[in-house]
There are 6 protein chains.
Amino acid sequence: MTRPSGRAADELRPVSIEVNVNKYAEGSCLITCGGTRVMCTASVEEKVPAWLKNSGQGWITAEYGMLPRATGTRVEREAKKGQSGRTQEIQRLIGRALRACVNMTALDGITIKIDCDVLQADGGTRTASVTGGFVALYLALQQLVHQGKLPSLPLTDFVAAVSAGVVQGCPVLDLDYVEDSHAGTDANFVMTGNGRLIEIQGTAEHEPFTKAELEQLMSLAEKGISALIQQQKSVLGV
Amino acid sequence: MTRPSGRAADELRPVSIEVNVNKYAEGSCLITCGGTRVMCTASVEEKVPAWLKNSGQGWITAEYGMLPRATGTRVEREAKKGQSGRTQEIQRLIGRALRACVNMTALDGITIKIDCDVLQADGGTRTASVTGGFVALYLALQQLVHQGKLPSLPLTDFVAAVSAGVVQGCPVLDLDYVEDSHAGTDANFVMTGNGRLIEIQGTAEHEPFTKAELEQLMSLAEKGISALIQQQKSVLGV
Amino acid sequence: MTRPSGRAADELRPVSIEVNVNKYAEGSCLITCGGTRVMCTASVEEKVPAWLKNSGQGWITAEYGMLPRATGTRVEREAKKGQSGRTQEIQRLIGRALRACVNMTALDGITIKIDCDVLQADGGTRTASVTGGFVALYLALQQLVHQGKLPSLPLTDFVAAVSAGVVQGCPVLDLDYVEDSHAGTDANFVMTGNGRLIEIQGTAEHEPFTKAELEQLMSLAEKGISALIQQQKSVLGV
Amino acid sequence: MTRPSGRAADELRPVSIEVNVNKYAEGSCLITCGGTRVMCTASVEEKVPAWLKNSGQGWITAEYGMLPRATGTRVEREAKKGQSGRTQEIQRLIGRALRACVNMTALDGITIKIDCDVLQADGGTRTASVTGGFVALYLALQQLVHQGKLPSLPLTDFVAAVSAGVVQGCPVLDLDYVEDSHAGTDANFVMTGNGRLIEIQGTAEHEPFTKAELEQLMSLAEKGISALIQQQKSVLGV
Amino acid sequence: MTRPSGRAADELRPVSIEVNVNKYAEGSCLITCGGTRVMCTASVEEKVPAWLKNSGQGWITAEYGMLPRATGTRVEREAKKGQSGRTQEIQRLIGRALRACVNMTALDGITIKIDCDVLQADGGTRTASVTGGFVALYLALQQLVHQGKLPSLPLTDFVAAVSAGVVQGCPVLDLDYVEDSHAGTDANFVMTGNGRLIEIQGTAEHEPFTKAELEQLMSLAEKGISALIQQQKSVLGV
Amino acid sequence: MTRPSGRAADELRPVSIEVNVNKYAEGSCLITCGGTRVMCTASVEEKVPAWLKNSGQGWITAEYGMLPRATGTRVEREAKKGQSGRTQEIQRLIGRALRACVNMTALDGITIKIDCDVLQADGGTRTASVTGGFVALYLALQQLVHQGKLPSLPLTDFVAAVSAGVVQGCPVLDLDYVEDSHAGTDANFVMTGNGRLIEIQGTAEHEPFTKAELEQLMSLAEKGISALIQQQKSVLGV
């Protein structure tokens, strides 16, 4: 099988992560994965939500949005119609993924809000948001350390995400929009630097899949996430 | 480890499925899984959504709700505050799961809406909704066959769902609320009668998990789903 | 005239009240009046709304909902479209009716929320909600007495409700859906154990009614409510 | 007992009805009942709601609102917070009351919307809205007759409304705000010119009431409504 | 050119301002400008919004609404559909205009809400709202002075507003609805008693305008505003 | 006076306009004015709104949004709270401004939606949106000409916008956020290539302004807009 983009089955799209693209945010980056571009910012507030008061814990949460013309056909602005179920599902995933690598006790008294806004969408916006959102989060945490508000980075590991799916019977890594539309199975993986799973979401779009297929997808994802974390480390200089 | 309920690690909670509990719905059941009770109805409409007009396809969708006092602490009614992200995420899952086992072309011109309303919640409401929702759907499809509106059941297989998780380091099947609150990893599985996967959602609640753990959870789920499908068949008399 | 159900003009539908059907609620029952089934729960909170702070009074309020397929034709979920005027009108009625038999000063510092959720509707859902809601309230108050949080039941009387209407020129008690659709006049009565009125709502659906007709309906209602209160006392063991 | 206003128990407040106060509306009046002032307009549309298409029937509906400073303490604008349950309950009542005196078949193809906007509130806004709304409706129907769009007025009778209540143990007619706040029982009556009832709503605000009290209130209401209908006829010149 | 109303190009419509038309509001007036009638009330609260706490400043804000049949064709009630962009734009303008003439420091601890509700609209509702809103504000401030809550009126000047536009090539003052619909350029001016500008909003409805035209409109506006402020002073007796 | 940025009173901030930054939109640009960055896209639909059906006219409309961290302090996402009055006011202005230079008859059957999303805000976001929105619109119209769907560009002139204000007593051009916060008067100008006005909005933020000051601001704006239109023409190659 030849992929529409000509990529090998286990090949990521070209990825770039430009850091500090927003002059106000405590951490920010613009992540580009092929035709998908997501602006990620991390905003620090030195307080916690009411339900965490006096819990000895901080909080990290995420919000996700798409510009109306991020897609081939313009979609109505969520400011006019409210957030869709898809948007809420995605932002809950991003938040869970990023919380899983942070020591919330060390973050006591601090809330960090990660905003992931899709400027252009071509498949994989939620995984790009996790990967880019982690970079923005890292930069914000680093600034807190530099300001002496945290003694050290309260991170347990790096985190990145990627999709994999079965397209025309073949397992492939990092689906673009065209592949995504025709995938029989579509799965998203969030993993850590040491290869552990934070989240796995596999869905049969057209027909049920086997455990063997799931394992193949997971192997592809491991490879892709490892490369993404290399790139995160590179742009962060660590 | 002893489970709070005294169950074995691979033991489901007591399950009952009472069919035809609603005198209006084309299909209905009340599914009870331990302390979790969900009313499932299937409503048939002989038309399709606007975006499927002239597509030659039918449609199945699901909605999910909880009565305000389904939980230990009363939660505000969604009719007053709107559907939460969690609700939308769950009903999207139920819809996807049920669509995956139906031949949509054979359902041309028909929409079936599955309502899953939680009367009492004690963990696993989304998986009980899938398992019970399938029974309601089956009954509605059966009625369409009896009425001569469908030549045969447009189903490719049975579908059920169950959760599994790592609680205090041990993989266990079918978590109740107490276990769910303390699980390190929580996963939901939707599978077919022939053991294929329709959906897998695994989440690290407290710390990342390994592929080996995921495989253990999947094995537990396979066993549980097989038993649930036996029970579906039994109450449906097939 | 023969009623569609074959009942006598002054005959209630078969009524059953199953108590303690919810393991979390401080009081609960499932009331069945013919084809109408309503789940009623009472939830106790040991605080009062902001506007009653330091007033020396407690508070009782009610909320009402219908499952989407409680009716012959599925209705859209209020969680998606907001509460209708009809819903708000009904829950305001239930709340007023239940407050009228409670000594609010004796309830100081306590709020009780009554949720009435219609599982199946066949006429008379608002009156069944009042009758069942009173049972749930009674059980919750009883529990507060047992816990020593109230010295005695702060109730001044029992409360139940029933409908009566003029159908094809004949006054009849406790209309089911078919009768309700054809009634010229429809009235709902909320009364106490000693035969006093808490609320009366009479509406000309098709043509104005006379004082004489209203009196006939009131007499039917008195009889019906007396029987309902007997049944409440019986299930409560008082 | 002396009423705060010095009125006799069976005495209405001074009422005035100024007609044609809006240059656009097909019918309009400003009704003043003591300190309560309501602007009523009737708007004719030559079409019916979708659910009445091809039914051979017309439609009448009402909407109710209050200016923010209609009351002693400013209330938040419903345009900002949505319509309250109270508002919806009232506008449903007004609509039912006005529909009850119109032959809907004779109104085929026509919708009339009655808007009742309270400029100043001092008790009895819903009954003033019915009484004034009827005048606006009458004027709009009259215009349709003059335009040859209706052969004759499709009215079966006049309609007006008034409140009565038990205040400090005494039944009194037409409560103002101060009396309303202290009433033990509060009832609203909608009646026709020939003395029949269209709607009765009686509520125990503080303690249950007897049938005898209800009858006393009804007698007061009959007297008041009779006088209000005289006044309607006078301003309409019939 | 003859104006539809027969007015001279620099002639205002007949204006009347009736003060103290609401028995609850601290200040109120009904302003009539030709066929445009706006009820203006000023409501005093002795507190400030949260974001002004401890700022040493008071606050003035305005809200605007239209009764559904204020216009030739009935418009849907904003209580049902939410406030339109037009409404929000207008009420923001009214608020800014009135704040510009008040010393906010002198108003410390006090919020005044100006409600402008259009009973009938015939062009120029926003400018009539500013002119009438100022009168309501003045009366409320006067009352605060009389009550000893303010040492003196915290006003720096009078404020009024008027429109001017280019209709069929001619600059004219105070457009009514018919003129407004055909204006090539439409401008609103808010000015003070000493002839300074508080707000200018000029819009090319059909084709761009020149600086010279803008100056002509401004001259017309100066004349009109001067007359309106005379009338404000007259009804306020100053 | 020295401006915080060191600019001369009549000096624009550095402006760049990068075209075709979105691979889906029919026209797009990223406009940067100092620290303000706005993504502008034009989306073509070959249909018109319902109210323009069969009118022989096309339509242009605009929507505006800000990413949550476009500002120094993160603001809540409008998808969660709905569009503010400010947002609606701005997008109405952008739409009016762009419609004023297009021949709507020549655009018959076509709607163009301009989305202006602020990635970073540092004053002047509405004027940058007009200037950038015009470029996106131009590109989309050019594509329609190239596709043979329009015979020629239906534009009557170029359009750009800029702010000017009185800061510390001095009239200055193109205020950044710091200046805007301290401006006594703030005005926005939309003008055409031949120096005519499309829109002028001048507001006294702290104290009223004179006609002379307004004229000074207008002169500054003319100079700035002339330069901006030069830059538009340059990036468009015309």
Side-chain angles (χ1 to χ4, degrees), chain B residues 20-30 32 34-46 61-84 86-88 90-91 111-122 136 140 176-177, chain C residues 20-30 32 34-46 61-84 86-88 90-91 111-122 136 140 176-177:
Chain B
N20 298 323
V21 294
N22 178 298
K23 78 179 203 177
Y24 302 116
E26 285 71 23
S28 67
C29 75
L30 175 62
T32 305
T36 291
R37 297 171 61 214
V38 185
M39 174 79 81
C40 304
T41 58
S43 297
V44 172
E45 294 176 28
E46 298 190 22
T61 184
E63 295 189 4
Y64 171 94
M66 285 216 297
L67 298 198
R69 197 56 195 277
T71 46
T73 302
R74 184 183 182 277
V75 292
E76 208 189 336
R77 196 171 283 268
E78 292 200 327
K80 296 185 82 169
K81 62 171 181 173
Q83 289 186 307
S84 69
R86 177 186 174 275
T87 291
Q88 295 193 56
I90 291 174
Q91 65 193 12
T111 297
I112 301 181
K113 292 190 177 156
I114 308 297
D115 285 291
C116 300
D117 285 273
V118 180
L119 306 187
Q120 194 172 275
D122 190 8
D176 58 27
Y177 178 73
Chain C
N20 298 324
V21 295
N22 177 299
K23 77 179 205 180
Y24 303 115
E26 284 73 22
S28 67
C29 74
L30 175 64
T32 304
T36 290
R37 299 170 62 212
V38 186
M39 173 79 81
C40 305
T41 58
S43 298
V44 173
E45 294 176 30
E46 298 190 22
T61 187
E63 295 190 5
Y64 171 93
M66 284 215 298
L67 298 199
R69 196 56 195 277
T71 48
T73 302
R74 184 181 183 278
V75 293
E76 207 189 336
R77 195 172 281 269
E78 292 199 326
K80 295 184 83 170
K81 62 171 182 174
Q83 288 186 307
S84 69
R86 177 185 172 274
T87 291
Q88 294 192 58
I90 291 175
Q91 66 193 11
T111 297
I112 302 183
K113 293 191 177 154
I114 309 296
D115 286 290
C116 300
D117 284 275
V118 180
L119 305 188
Q120 194 171 276
D122 190 8
D176 58 27
Y177 178 73

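Note on naming: letters A, B, ... go to the chains in the order of the sequence lines (proteins, then strands), and numbering restarts at 1 for each one.
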| query | Will you find, in the side chains of Glu78(B) and Ser84(B), an N or O donor that is under 3.5 Å from an N or O acceptor? | reply | yes
| For the candidates Asn22(B), Val21(B), Leu119(B), which exhibits the highest count of non-hydrogen atom pairs separated by less than 4.5 Å from chain C? | Asn22(B)
| remark: chain B shares the most heavy-atom pairs under 4.5 Å, among Gly35(C), Gly82(C), Ala121(C), with Ala121(C)
| task | Go through Gly65(C), Ala25(C), Ala79(C) and name the one with the most non-hydrogen pairs under 4.5 angstrom from chain B. | result | Ala79(C)
| task | Please determine, by modelled atom types, if Arg77(B) and Tyr64(C) share a side-chain donor-acceptor pair under 3.5 angstrom. | result | no
| For Arg69(C), salt bridge (charged side-chain N to carboxylate O under 4.0 Å, His left out) partners two or more places apart | Glu26(B)
| field | Largest heavy-atom contact set with chain B, pairs under 4.5 Å, which of Ala70(C), Ser28(C), Ala42(C) | value | Ala70(C)
| Are the side chains of Gln120(B) and Thr36(B) in touch, meaning some heavy atoms are under 4.5 Å apart? | no
| Those residues that, when tested against Lys80(B), pass salt bridge (charged side-chain N to carboxylate O under 4.0 Å, His left out) (two or more places apart) | Glu63(C)
| query | Would you call Lys23(C)-Asp122(B) a salt bridge at under 4.0 Å N-O? | reply | yes
| said: With a 4.5 angstrom heavy-atom cut-off, is it the side chain or the backbone of Asp117(B) that approaches chain C, or both, or neither? | reply: side chain
| task | Flag the one option from Thr73(B), Leu67(B), Thr41(B), Thr87(B) with the top tally of heavy-atom pairs under 4.5 Å to chain C. | result | Leu67(B)
| Option that, when pairs with chain B are counted at under 4.5 Å, heavy atom only, ranks first among Glu45(C), Lys113(C), Met39(C) | Lys113(C)
